Amino acid sequence: MRIAIRLDPGDWTRLGAPLAAALRAAGHNIDIERARWQEPLPPSLSALLLLDRTLHSTSSKAANEPASEFESAASQPGDADLILDLAATLPTSSNVHVLTPLFDGSPQRSALWAAILDGRAPELSVLDSASGQHRPIGTPALEMPAHLEASAAMVVSRLAEGLVRIVNDGVAGRPLTYAPSAHAKLAKPRSAQFLATTLAAKARRVLDRTLGSSPQWSVGWRAASQNFSLPQGSLSLQDWTFLKDDGNRYYADPFVIEHGGARHLFVEEFPYATRRGVISHTLIDASGRAARPATVLETDFHLSYPHIFEDDGEIFMLPECSASGRLTLYRAAEFPDRWEPVADLLTERVHDATLVRRDGRYVIFAATEWGGSSSWDGLSLFTAEKLLGPWQPHPRNPVLIDVTSARPGGAMFEHGGALIRPAQDCSGGYGSALTFARIDRLDDTGFTQTPLATWRSGRIGDPRIIGPHTYNCAAGLELIDLYAPRQVTVRYG
């Protein structure tokens, strides 16, 4: 297919170049066209972006791009089969198929900045000129909402990924799904308020560090109710016992497994001195108490999320080690203290990989990135007939782009005859909420889920708690970790 990418020169590095490279890698012929009209940025926004680059000590190549880079890639308009109109111009003729990216339903780039200035990412979709309908892409995450340039880069990375997927779906003859054209009302940019809020937040963080009240992770558990229901609403912290730390480390990402009549708790331990996570273990006794965890797995890279499971009579662990660029499976050589690597199941950077066996196959759910995107908003699937593989990526990866329910937040479990997956809701920041979603479809051609319940900040018993991050239910226990200041009163085990 011959595809013309129409864009402004200033968008070449951030969006045009990676999009063209990905489409060429998929076998398409690409022409680059200069847009006939360029939407000017308001002077106040231009000044704010300059200040943003100054405050964050970065030089934006996209904002100060040499014209020669774009000009060398640009070509004369030809007879394209498809136009990707990244500059929101009109089609050259009624016979040309045009896909126009939309931000909160608007083709204008100002809608992107309006959303970012409001502290959120816009909903991404594409307007298909052939049908007049919107094709959804998803809602990305903003990891650093106070950093405007970085936020924009994350959003457009997911946009480029979505455009590639839509083009490839059309070429492969896969049915296109559409969404209603009604979108959220655009927020009015508030530059002065944004600056005041940013400065106040920076001052608050410095003060918190000085007073020793900076938030940290805490692991807690309670006995699971015999009449178990999905977690939702308000929780009393008095129901939970928390793992005490010595102030020199925190514990997070709790997983539990019952073995030999005992309940074994595995956590990420993060010593502040080394700033590199390790996997640690302790027992939760019959009275619900636990000793200080001891390290059982350490590598040259940061470890977290010790997803532990039993398969074929053996115990395995699938910890996150995204910094290594691979997902390594470990087997318990001497449970629970000694672990040996078995195989690299995936040789790419994935986050919070969670494995489930479904319909005779193994499936890994994992958060993934694309280009400069966030890892908070993209869910990819990988399948295999055997635990050791070979593992194959799902043809529709990422199967979900949604900051509210993409990144895994704990092991999946059966409830009411359905498979439920805890997922992180990062719309209010990392660790701000948890969503519990029912998996409705999981096959080689698609994936769908339905959110059923959510724990949010301020709804779990203490308004100072920022939110829950991980949830697991096994061995007669429910386990969570919370992001909260040390002053929050809890019961330690």
Side-chain angles (χ1 to χ4, degrees), residues 208-225 231 234-259 262-298 302-308 317 319-320 335-337 409-411 422 430-432 434 455 457-458 460-493:
D208 282 347
R209 286 197 299 270
T210 303
L211 299 177
S213 60
S214 182
Q216 64 151 29
W217 299 106
S218 297
V219 165
W221 59 87
R222 69 178 179 183
S225 170
S234 179
L235 293 177
S236 170
L237 293 184
Q238 299 305 312
D239 297 339
W240 298 80
T241 299
F242 284 82
L243 186 61
K244 188 174 180 60
D245 64 72
D246 59 5
N248 296 317
R249 69 202 72 242
Y250 67 70
Y251 300 109
D253 293 346
F255 284 80
V256 68
I257 189 171
E258 189 167 6
H259 182 72
R263 297 179 295 188
H264 297 263
L265 173 65
F266 292 84
V267 296
E268 171 200 347
E269 177 181 338
F270 187 86
Y272 299 131
T274 64
R275 301 197 65 80
R276 188 176 71 230
V278 298
I279 304 302
S280 295
H281 162 271
T282 188
L283 293 172
I284 299 178
D285 64 23
S287 65
R289 302 286 178 174
R292 176 176 172 174
T295 300
V296 296
L297 182 60
E298 184 174 5
H302 174 82
L303 294 173
S304 62
Y305 201 80
H307 176 39
I308 189 165
M317 186 193 299
E320 178 186 320
F335 184 85
D337 303 309
Y430 191 66
S432 64
L434 269 173
W455 280 351
S457 174
I460 50 179
D462 191 314
R464 291 173 296 174
I465 295 174
I466 296 173
H469 168 256
T470 308
Y471 174 88
N472 278 294
C473 183
L477 296 171
E478 290 180 277
L479 300 100
I480 56 173
D481 58 1
L482 300 177
Y483 194 40
R486 288 183 180 275
Q487 288 85 347
V488 172
T489 301
V490 297
R491 180 165 59 96
Y492 290 113

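Side chains are part of it too, since the values below use all heavy atoms of this structure and drop only hydrogens, waters and symmetry mates. Please read these numbers as outputs of a predicted model, since none were measured by experiment.
Rounding to the nearest 0.5 Å places NE2 of H302 at 10.0 Å from CZ of R275. Atom CG of residue L303 and atom CD1 of residue I279 lie 5.0 Å apart, to the nearest 0.5 angstrom. Expressed to the nearest 0.5 Å, how far OG1 of T282 lies from CG of L243 amounts to 7.0 Å. Between the OH atom in Y272 and the CG atom in D245 there is a gap of 6.5 Å [rounded to 0.5 Å].
Remark: P422 pairs with F413, F436, Y471 by the side chain to side chain contact (heavy atoms under 4.5 Å, CB included) rule, at least two apart or across chains. In this view, T241 and W221, R491 satisfy the side chain to side chain contact (heavy atoms under 4.5 Å, CB included) rule, not counting sequence neighbours. Judged as a salt bridge (Lys or Arg N to Asp or Glu O under 4.0 Å), and not counting sequence neighbours, E268 has no contacts. Residues passing the salt bridge (Lys or Arg N to Asp or Glu O under 4.0 Å) test with R249 are D246, E269, sequence neighbours excluded. Under the salt bridge (Lys or Arg N to Asp or Glu O under 4.0 Å) criterion, E258 pairs with no residue at all, not counting sequence neighbours. For H264, the side-chain hydrogen bond (donor to acceptor under 3.5 Å, both in side chains) criterion is met by H281, not counting sequence neighbours.
Side-chain atoms of T470 never come within 3.5 Å of backbone atoms of P254 as a donor-acceptor pair (strictly under, hydrogens ignored). Checking side-chain atoms of Y305 against main-chain N and O of G410 turns up a donor-acceptor pair under 3.5 Å. Side-chain atoms of R263 never come within 3.5 Å of backbone atoms of I257 as a donor-acceptor pair (strictly under, hydrogens ignored). Remark: the backbone N or O of L479 is not paired with any side-chain donor or acceptor of N472 at under 3.5 angstrom.
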For R222 and I480, run side chain to side chain contact (heavy atoms under 4.5 Å, CB included): C-alpha distance rounded to whole Å, both residues' side-chain angles, the deciding distance at 0.1 Å, then the answer. CA-CA 9 Å; R222 69 178 179 183; I480 56 173; over 6 Å; no
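Exactly one residue among Y483, W455, W217 makes a side chain to side chain contact (heavy atoms under 4.5 Å, CB included) with H469. That residue is W217.
Proximity of R292 to Y251: side-chain heavy atoms (C-beta onward) are separated by under 4.5 Å at one or more points. V219 places a side-chain heavy atom less than 4.5 Å from the side chain of D481.
Across E478 and W240, no two heavy atoms sit closer than the pair O-CZ3, 3.4 Å. Contact between R276 and P271 at its shortest, heavy atoms only, is O-CD, 3.6 Å. What you find for S304 and D253 is that their closest heavy atoms are CB-OD2, 3.5 Å. Heavy-atom minimum distance, P319 versus L297: CG-CD2, 4.0 Å.
Less than 6.0 angstrom separates the ring centroid of Y250 from the ring centroid of F270.
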